[in-house]
Every structure is written in structure tokens, then in C-alpha cells.
Amino acid sequence: MLFADLKDSFTGPLDYARWPQSYGLPTTAAGRVRIPCTTGYAGLKSASAYTLAGSRILARAYPPAPGGATSAALSLLVLTSTPGTDAGWLIDSAQNAMGLYVRDGWGDPGAVFLTYSPADHAWLQLREAGGTLYWETSPDGVAWTVRRTAPAPGWVASADLTWLAEAHRDSGIDDVAELAYVNLPPAAVPVGAARTRARARAAARSKAASLDTAETASAARAVRPVYGVPIGPARTRSRAQPVALPLRPARTLTASTAATGRHTTTSSGARLTATSTP
């Protein structure tokens with residue numbers, strides 16, 4: 001199945017047929033899934049039954065409140081059957097930062113880091129087209145901006161990929177991370193606008209264009225390049241990997257990497273200098 005076929009509006013109780021591997025008791029309310037963000041780990045997790053080749057996964061994302069934590073993160077990852085080999089996003093509201101990853105063996109030397117904007121980065125999309133992975137953001141689910149591209153690894157064509165949204169904090173006040181509209185962006189938007197009363201038409205007849213998502217690079221708007229700095233292998237609490245250099249604990253993602261999660265590791269806490277892009 002294509003990841004694009006994984007859709008949920010969260011208008012009723014959590015559908016465990018869609019999310020059979022979820023943990024930590026996510027719930028639904030008011031059209032959103034609510035994922036507990038505590039010093040433990042909770043996640044919304046699909047079946048291991050999807051492919052990313054020629055497809056995409058997108059959602060409206062609401063990261064947890066910082067709540068006094070050093071790291072309070074929502075991770076959105078496409079997982080492979082090999083631990084530490086994956087691709088996706090991490091938003092850390094406590095560090096006001098966002099990381100874009102495609103990892104092999106827990107590490108991504110080309111990881112890109114942005115200053116997180118709740119408005120500009122409200123919608124997140126990861127897609128594959130023509131042998132390239134695209135990380136895109138949107139303020140409205142309609143107009144998408146490319147934030148990173150990378151050659152698609154061979155695993156994007158696997159038929160056993162999983163999508164995971166996980167929340168975790170290192171301290172502070174318990175909260176929730178939320179998602180809405182998984183693979184359900186706004187369907188259409190009027191093309192152009194009436195310039196005069198004589199030329200205006202009834203809204204019911206206004207011309208519309210499908211905006212399911214940009215499926216080619218030409219459909220996405222260009223942005224200035226953003227450059228990540230090698231950060232070394234990532235580690236998790238349960239799957240820690242030895243590293244060659246001593247590492248200091250992360251303090252801010254703009255000067256270091258984010259805290260790790262049970263499934264969604266992003267870094268080892270090594271220092272870095274990140275380029276911030278709105």
C-alpha cells in the first residue's frame with residue numbers, strides 16, 4: 001500500500017485498524033489525535049505495510065508546549081525494518097527548532113536544522129518522486145515550500161514501512177502533542193480572484209484546482225538552500241551506540257541536537273552550528 005492511502009480525520013475514537021502498533025495511550029478529541037508527552041514515550045504508529053516510493057505522508061502538526069523542559073519533542077518518522085534507518089522530522093518546542101533527517105545506522109551527516117515556526121511549519125510533508133526525497137512545509141496545507149531534498153535510499157520502495165508520530169520530554173509539565181488531517185489536506189482552492197463585479201461568479205461555480213499535494217519538484221516553491229552540519233551517530237535510550245568522540249548534553253537545538261526517543265532518535269547530543277531558516 002502507498003503511504004498516501006493512510007488517511008485519518010480523527011473524528012471518532014482512535015482507529016486501531018489504521019494504527020495497530022500505537023503505544024502510550026493516544027486518544028482523539030475534536031478532530032485531532034492527542035499523544036501524551038511525558039518523560040515516558042507515547043506514539044501513534046501504523047502497520048508495517050506501506051511504501052514511500054511515488055507517495056507521501058503529511059499531517060497538520062501541533063508539538064507539545066515546552067512546559068519547563070529542556071527538550072519537548074514531536075517526531076514524525078517513516079521507519080524501516082532496520083532500526084536506525086528512517087527518515088522524517090523532529091520538532092522540539094523547548095528548543096524552538098526542527099530537524100529534517102534521513103538516517104542510516106542512527107546517523108545523518110546531512111541533517112538540516114531550522115528555527116521552528118508554528119505558522120510557517122504548521123503542515124509537514126515527506127514525499128518521494130523521481131528518486132528524490134522532499135521535506136516540505138506549509139502554513140495552510142495548500143502552498144508547499146521545499147525545506148530539504150536528498151537522494152531517495154533504496155528502502156523507499158519497500159512494502160513494509162511504518163509511520164510513527166512519537167512524543168517525549170526530558171522534564172517539565174506533562175502535556176500532549178497533536179496531529180490532524182493525516183493525508184487529508186484541503187482538497188481545492190479557487191484559482192485567481194474576480195477583479196470586477198461584472199466578472200465575478202458565484203462561489204459554487206468558481207474554478208478550483210486539486211491540491212492533494214505537490215507530486216513533482218516543479219510544483220513546490222524554491223527556497224534558499226539550508227545546510228546541516230555532521231552531528232555524528234544518533235542514540236536512543238534502549239539502543240545506544242558507542243561514538244568516537246566525547247559528547248556534551250544538548251542545551252539548545254540551535255547550538256546542539258535534540259533529545260532522543262525510544263523509536264525516534266535524532267542525535268547524540270553533539271555540538272553543532274545550525275543554519276536557521278524561517
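Just so you know, these numbers use all the heavy atoms, side chains as well, and skip hydrogens, waters and symmetry mates. Because the structure is a prediction, the values reported are computed rather than measured.
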Would a single hydrophobic cluster contain both Y16 and M1, if residues Ile, Leu, Val, Met, Phe, Trp and Tyr are joined by side-chain heavy-atom contacts under 4.5 Å?
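Same cluster.
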Between V182 and V176, is there a shared hydrophobic cluster once you connect ILVMFWY residues whose side-chain heavy atoms come closer than 4.5 Å?
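No, V182 and V176 fall in different hydrophobic clusters.
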Just by distance, do the side chain of [X] and the backbone of [Y] share a donor-acceptor pair under 3.5 Å?
X: D140; Y: A143; result: yes
X: T51; Y: L2; result: no
X: D108; Y: V102; result: yes
X: N183; Y: F3; result: yes
X: H168; Y: G40; result: yes
X: T28; Y: V33; result: no
X: S93; Y: P64; result: yes
X: R169; Y: S171; result: yes
X: E128; Y: G54; result: yes
X: S158; Y: D160; result: no

Do you know the tightest heavy-atom contact between [X] and [Y]?
X: A177; Y: A167; answer: CB-CB, 4.0 Å
X: A94; Y: A69; answer: CB-O, 3.4 Å
X: P153; Y: L133; answer: CD-CD1, 3.7 Å
X: W144; Y: L124; answer: CZ3-C, 3.9 Å
X: I35; Y: A165; answer: CD1-O, 3.6 Å
X: S75; Y: L90; answer: OG-CD1, 3.2 Å

Just wondering, do [Y] and [X] contact through their side chains at under 4.5 Å, heavy atoms?
X: M98; Y: F113; value: no
X: P66; Y: N96; value: no
X: L164; Y: L44; value: no
X: D86; Y: V78; value: no
X: W89; Y: L126; value: yes

Residues that [X] engages under salt bridge (Lys or Arg N to Asp or Glu O under 4.0 Å), provided they are two or more places apart:
X: R60; value: none
X: D175; value: none
X: D174; value: none

Say whether [X] and [Y], considering side chains only, have a donor N or O and an acceptor N or O under 3.5 Å apart.
X: S48; Y: T162; answer: yes
X: E136; Y: T145; answer: no
X: Q125; Y: Y134; answer: no
X: D170; Y: S71; answer: no

Once you measure the plane-to-plane angle for W163 and W19, does it fall in the parallel (<30°), tilted (30-60°) or perpendicular (>60°) bin?
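Rings of W163 and W19: tilted, 30 to 60°.
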Nearest-0.5 Å distance that lies between atom [atom1] in [X] and atom [atom2] in [Y]:
X: I57; Y: L77; atom1: CD1; atom2: CG; result: 12.0 Å
X: T38; Y: I173; atom1: OG1; atom2: CD1; result: 13.5 Å
X: Q21; Y: L79; atom1: CD; atom2: CG; result: 9.0 Å
X: D5; Y: S55; atom1: CG; atom2: OG; result: 6.5 Å
X: L114; Y: D120; atom1: CG; atom2: CG; result: 10.5 Å

For the residue pair R147 and W135, would you count it as a cation-pi contact if the rule is NZ or CZ under 6.0 angstrom from the ring centre and within 45 degrees of the ring axis?
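Here R147 fails the 6.0 Å and 45° test against W135.
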Pair listing, salt bridge (Lys or Arg N to Asp or Glu O under 4.0 Å) test, anchored in residues 11-26, at least two apart
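Residue pairs with at least one partner in residues 11-26: D8-R18, D15-R18.
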Partners meeting side chain to side chain donor-acceptor pair (under 3.5 Å) with T27 (sequence neighbours left out)
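Listed in chain order: nothing, the list is empty.
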I would like to know whether Y116 and D92 meet side-chain contact (heavy atoms from CB on, under 4.5 Å); could you show each step before the answer?
CA-CA 8 Å; Y116 175 63; D92 193 323; over 6 Å; no
Residues which pass ring-ring contact (aromatic ring centres under 6.0 Å, His included) with Y62, listed by chain and number, not counting sequence neighbours
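If we apply the ring-ring contact (aromatic ring centres under 6.0 Å, His included) test to Y62, skipping adjacent residues, there are no hits.
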Decide side-chain contact (heavy atoms from CB on, under 4.5 Å) for Y23 and E166; before the verdict, give the C-alpha distance in whole Å, the side-chain angles of both, and the deciding distance to 0.1 Å.
CA-CA 9 Å; Y23 52 93; E166 184 181 76; 2.4 Å; yes
